[in-house]
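Below is one structure, written out as structure tokens; comments come after it.
One is the number of the first residue; the rest follow in order along the sequence.
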Amino acid sequence: MKYPIYIPEITATEKEYVSDCLESTWISSKGKYISQFEEKVATFSGVKHAIAVHNGTVALHLSLLVNGIGNGDEVIVPDFTYIASANAILYVGAKPILADVDPDTWNITASTIKKLISPKTRAIIVTDVYGLTPDMNEINKLAKENDLIVIEDAAESIGASYKGRRAGSLADISIFSFFGNKTISTGEGGMVLTNNDTIASLLRKLKNQGNSNTIRYYHDVLGYNYRMTNIQAAIGLAQMERINHILERKANINEYYRNHLKSYARFQRVDDGYISSNWMVGFLVEDIKQRDELMASLEADGIETRPFFNPVHTMPFYDEYNNPVSVELSHRGISVPSYPMLNKEDIDYISSRIINFLK
């Protein structure tokens with residue numbers, strides 16, 4: 001494939017830090033790079049605590065656990081999101097309540113949430129779809145009025161901002177993912193972010209097998225092995241040291257695509273006061289038939305693509321919902337290569353192939 005959907009940018013610094021881990025023999029879940037990576041992410045995001053974990057899914061699981069959400073509780077979550085956002089709710093025995101999204105921003109809103117609140121509702125998981133945050137002021141206001149916890153699933157949005165505040169700092173508790181196709185990657189990896197000292201302490205305990213703080217090999221709560229390795233953190237630290245450069249490149253890539261394709265496809269709307277992380281460049285075409293034919297055409301040209309997420313309610317272990325916007329986005333959406341190493345000539349070529357098909 002000449003143009004894969006995504007390639008993480010790995011430089012000499014990542015290799016230097018990983019080599020340092022190997023030489024020091026600190027390759028597992030202890031080592032200097034874990035604390036340095038956590039501090040770098042916390043400072044960048046504007047939060048007090050950032051706790052490194054094995055991936056974004058376990059970060060969501062822990063976020064629900066530390067807030068006491070479990071059997072009999074309901075958690076509102078977007079229908080149009082990656083499956084992990086909803087699966088974590090099932091992990092704790094709670095019930096996902098699937099909200100439809102706005103057709104232009106592709107995110108849930110206070111109005112789509114409000115109609116689903118019941119006496120059993122305990123929390124809202126808000127996903128920053130494709131790197132764009134929802135209107136968090138309105139959602140947080142609604143949550144406060146109904147005594148609900150807000151969890152920001154910022155798996156795709158490190159570097160995004162909402163009215164001057166960074167993604168990861170916009171809710172009671174937030175999470176990042178550092179999977180191989182994310183803006184910042186550790187291969188596998190995640191982070192939980194909070195300003196609450198008590199919650200942070202419990203998170204560190206739960207991710208580390210529930211170890212006692214005072215007695216070695218004594219586990220006073222049920223915990224999990226959700227730790228990040230020092231090698232993963234070393235890669236993440238190297239990437240965080242140039243995050244502004246990566247974000248600038250991805251913003252330029254997004255702009256190039258939009259300028260080329262604005263007459264042929266519909267992009268996610270980004271309002272004033274919002275800055276997207278531009279995690280993936282995606283757009284909508286006319287219908288699922290055109291989407292699938294375009295993907296096949298691009299694949300023949302060596303250009304890898306991805307369809308948008310399938311709505312959660314279409315999975316066999318979820319309840320049926322009537323969420324027409326989520327379905328339409330799923331049927332019409334396509335993501336195209338957007339990794340940081342793409343140059344303008346690459347995007348000119350990819351865009352020309354898309355235009356030739358759509359016009």
Side-chain angles (χ1 to χ4, degrees), residues 5-6 53-65 69-70 73-102 105-108 112-113 116 122-134 150-158 167 171 173-183 185 187-192 224 226 268 277 279-280 282 284 288 291-292 295 304-335:
I5 190 71
Y6 208 85
V53 294
H54 187 63
N55 57 51
T57 304
V58 304
L60 285 167
H61 185 204
L62 289 174
S63 297
L64 292 162
L65 286 172
I69 295 167
D73 295 330
E74 293 180 352
V75 180
I76 297 171
V77 64
D79 199 358
F80 182 65
T81 186
Y82 183 59
I83 193 67
S85 309
N87 280 355
I89 302 168
L90 295 181
Y91 296 164
V92 299
K95 182 178 181 179
I97 305 298
L98 306 177
D100 211 355
V101 296
D102 179 85
T105 66
W106 311 345
N107 274 312
I108 60 170
T112 63
I113 294 167
L116 299 176
R122 286 285 313 283
I124 306 162
I125 292 181
V126 176
T127 59
D128 303 340
V129 171
Y130 294 121
L132 180 68
T133 70
V150 181
I151 298 170
E152 182 191 8
D153 181 349
E156 302 161 2
S157 63
I158 190 169
I173 192 166
S174 304
I175 73 100
F176 288 139
S177 169
F178 303 119
F179 184 63
N181 65 6
K182 295 300 192 292
T183 303
S185 175
E188 280 281 6
M191 197 82 77
V192 189
Y224 305 84
Y226 283 172
Q268 187 177 32
S277 70
W279 170 56
M280 283 279 185
L284 304 177
I288 192 169
R291 194 272 313 272
D292 290 348
M295 291 178 66
E304 187 177 19
T305 60
R306 289 285 187 274
F308 277 11
F309 302 132
N310 285 308
V312 174
H313 82 259
T314 63
M315 311 300 165
F317 46 98
Y318 283 92
D319 294 338
E320 280 290 333
Y321 277 80
N322 180 24
N323 287 330
V325 177
S326 296
V327 172
E328 181 184 6
L329 294 174
S330 172
H331 286 178
R332 296 174 55 194
I334 177 174
S335 296

Exercise for the section: May I ask you to decide if Ser326's main-chain N or O and Ser330's side chain share a donor-acceptor pair within less than 3.5 Å? Expected result: no
Practice task
Please work out which of the three classes, parallel, tilted or perpendicular, describes the rings of Trp106 and Phe80, given edges at 30° and 60°.
Solution key: perpendicular
Handout entry: Donor-acceptor pair, side chain of Glu188 and main chain of Phe179, under 3.5 angstrom
Key = no
Handout entry: N/O donor-acceptor pair under 3.5 Å between Asp153 side chain and Ile125 backbone
Key = no
Practice task
Mark yes or no for whether Asp79, through its side chain, and Val312, through its backbone, hold a donor-acceptor pair below 3.5 Å.
Solution key: yes
Practice task
Could you verify whether a donor N or O on one side chain and an acceptor N or O on the other, from Tyr130 and Asn107, lie under 3.5 Å apart?
Solution key: no
Problem - For Ile113, the option from Val77, Val150, Ile97, Ile108 that meets side chain to side chain contact (heavy atoms under 4.5 Å, CB included) - result: Ile108
Problem - Set of side chain to side chain donor-acceptor pair (under 3.5 Å) partners for Asp292, sequence neighbours left out - result: none
Exercise for the section: Test Met280 against Asn181 for side chain to side chain contact (heavy atoms under 4.5 Å, CB included), laying out the working first. Expected result: CA-CA 9 Å; Met280 283 279 185; Asn181 65 6; 4.2 Å; yes
Practice task
Would you please classify the geometry between the Phe178 ring and the Phe176 ring as parallel, tilted or perpendicular, with 30° and 60° separating the classes?
Solution key: tilted
Exercise for the section: State whether a side-chain donor-acceptor pair under 3.5 Å links Asp128 with Thr133. Expected result: no
Exercise for the section: Using atom types as modelled and distance alone, determine if a side-chain donor or acceptor of Tyr91 lies under 3.5 Å from a backbone N or O of Val58. Expected result: no
Exercise for the section: Would you check if the side chain of Glu152 reaches a backbone N or O of Ser174 as a donor-acceptor pair within less than 3.5 Å? Expected result: no
Exercise for the section: Could you tell me whether the side chain of Asn323 and the main chain of Leu98 form a donor-acceptor pair under 3.5 Å? Expected result: yes
Practice task
Please confirm whether the backbone N or O of Asp100 pairs with a side-chain atom of Thr112, one donor and one acceptor, at under 3.5 Å?
Solution key: yes
Exercise for the section: Might you confirm whether atom OH of Tyr82 has over 12 heavy atoms from other residues, nucleotides or ligands at distances under 6.0 Å? Expected result: no
